[in-house]
Structure formats: structure tokens, C-alpha cells
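Working notes for the structure below.
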Amino acid sequence: MPAVSYDRWVQAQNQEFIEYGPHDFDHKRKGKEIIFSYLGIELEKGWDNKSIVEVAAGSTPTLGFIEGNATKIAIEPLMARWDKYRAIAESQDITVITDPYEHVDIKGTYGTVDETWFFNCLQHVIDPKAQLEKAKATSKIIRVFEPLGGTVNTAHPHVISRNTFIEVLGDFGQIFKGGTHQGFHSFDCYYGTWRRED
């Protein structure tokens, strides 16, 4: 799938800012607990001394729910407009970066990170393939829970398929059936954990 222009991405971001919600802490935590149960790991424990990048972290980054002395980096362009939520994230020792992930020098700034997380973001970005390739080049582990299908619209410049992941990372994941949990994803999702072999 081709990248979109920067201007098209800005248009998508503007629409996402209008549509985004809810900003509710408890709602977000419940969703993240479901994701982590499918990934087979605990949300809070086991993050000591890890460096983690969360791509398109939203107004309530998953990184805010974990415990331990991890290096937490949230990539979220909309945080440039969400002063309140940015302040909350930064109070949780999260480094907030408001540039698109494609433009962030992860390797030069942080070296190789332990993990990169993609949770419901690839439909919104400039170039999904470039994002996955960057994560592959800069991470030991990539965790994914991403909706599949749908249609292109103003807020969603891309439609993601299983092949989006296979083409870059191989077929490491499984399919979550949409609608399995009330108030959670209604679309089927691709989820799993990719690990660098070297």
C-alpha cells in the first residue's frame, strides 16, 4: 500500500482530532487489558529496565498503565493539541513526541529499543509499511493489535490487511474476531508479538 502525502496525513489528523474519543481512563485501561490478555502478557508487570516506543499512543498512552522504571516514549502527533493529556502523560514519566513516527530518529536518539507497540494506529499514518520497517530495524520486539478492513475515509487514509504485516514481518500473528468483547473492536484485528531472531 502506498504512502500518503504529508498534506493528506494532516487532513486525516485534523479529522481524527474531531472524532477521537472517549478520553476516559477506565475505558482505555479496559481495552488495553483485553489487548494484553490476547498478547499473553501482563499489562502492569515485567517492564523494569525496558525501553518502549508506543506509536500513535492516543490521549491515554498504554505506557501510563505499566509499572517499573521503563524508558517510555509515546509518539502521538495529536498531543500537540491535547495539553491536558500531554501533561498527564509527562507526569507518568512518558517522553511525548509529537512528530509522525516516520520522521522520528529512533535509532539516533534511543538506539535499539526493547519494544515497539502498534495498537490501533496504522490506518491513520503516512506510511504503514515504513512504520513497520522502522520498528523492525529499531526494536527487539514488536507488539501489534491492529484493526483489519474497513474503508478509506478522511480520518483513515489506509485499509490494513494481514498482508500489511506479512510483507514486512512475516505471518507472526493471529486474527481477533471483532465484536468478541462488548465496547471493544467491532472489526477483526491482527494481533501478535514479533521477535528479532538475531
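Please read all numbers here as calculations on a predicted model, not as lab measurements. The chain is numbered in sequence order, starting from 1.
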Please answer whether the main-chain N or O of [Y] pairs with a side-chain N or O of [X] as donor and acceptor at a distance below 3.5 Å.
X	Y	value
E146	N120	yes
D114	I52	no
H156	A12	no
R196	S139	yes
R8	T154	yes
E54	L63	yes
K72	G64	no
E19	A155	no
D48	N69	yes

Indicate if [X] and [Y] have the same hydrophobic cluster label, given that clusters are the connected sets of ILVMFWY residues with side-chain heavy-atom separations under 4.5 angstrom.
X	Y	result
I35	I160	no
I166	F145	no
W47	L39	yes
V104	V4	no
I41	I34	yes

Taking the inter-plane angle between the rings of F172 and F165 on a 0 to 90° scale, is it parallel (under 30°), tilted (30 to 60°) or perpendicular (over 60°)?
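Taking F165 first and then F172, their aromatic rings stand perpendicular (interplane angle over 60°).
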
What orientation do Y85 and W82 show, parallel under 30°, tilted 30 to 60°, or perpendicular over 60°?
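It falls in the perpendicular class, over 60°.
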
[X] vs [Y] side-chain heavy atoms within contact, under 4.5 Å:
X	Y	answer
Q13	F17	no
Y110	S51	no
T60	F65	yes
D83	R86	no

In Å and rounded to the nearest 0.5 Å, what is the [atom1] to [atom2] distance from [X] to [Y]?
X	Y	atom1	atom2	value
H158	L122	NE2	CG	8.5 Å
I142	L169	CD1	CG	4.5 Å
Q131	E102	CD	CD	4.0 Å
I106	Y101	CD1	OH	5.5 Å
K32	F119	NZ	CZ	6.5 Å
K136	W194	NZ	CH2	6.0 Å

For this output row, return yes or no: ring centroids of W117 and F36 closer than 6.0 angstrom.
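Here the rings of F36 and W117 have centres that are less than 6.0 Å from each other.
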
Where [X] and [Y] come nearest, the two heavy atoms and their spacing:
X	Y	result
R162	L148	N-CD2, 3.9 Å
V159	G149	CG1-O, 3.5 Å
L43	I66	O-CG2, 3.2 Å
P157	V125	CG-O, 4.1 Å
L78	E76	N-OE2, 2.9 Å
I73	I97	CG2-CD1, 3.6 Å

In terms of heavy-atom contacts, does NZ of K50 have more than 12 from other residues, nucleotides or ligands at under 6.0 Å?
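No, not enclosed.
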
Test side-chain contact (heavy atoms from CB on, under 4.5 Å) on D26 and R29 and set out the steps.
CA-CA 5 Å; D26 292 332; R29 182 182 181 86; 5.5 Å; no

Without hydrogens or angle criteria, can the side chains of N163 and Y190 be said to hold a donor-acceptor pair below 3.5 Å?
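Checked: N163/Y190 side chains show no N/O donor-acceptor pair below 3.5 Å.
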
Pairing donors with acceptors under 3.5 angstrom, does anything connect the side chains of K107 and T112?
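Note: K107 and T112 side chains meet the donor-acceptor criterion.
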
Decide side-chain contact (heavy atoms from CB on, under 4.5 Å) for Y6 and H103; before the verdict, give the C-alpha distance in whole Å, the side-chain angles of both, and the deciding distance to 0.1 Å.
CA-CA 11 Å; Y6 182 80; H103 297 177; 4.0 Å; yes

Under 3.5 Å, which donor-acceptor pairs link side chains of residues 175-183 to any protein atom two or more places apart or in another chain?
| unit_1 | atom_1 | unit_2 | atom_2 | d |
| --- | --- | --- | --- | --- |
| T180 | OG1 | K177 | O | 2.4 |
| H181 | NE2 | Y38 | OH | 3.0 |

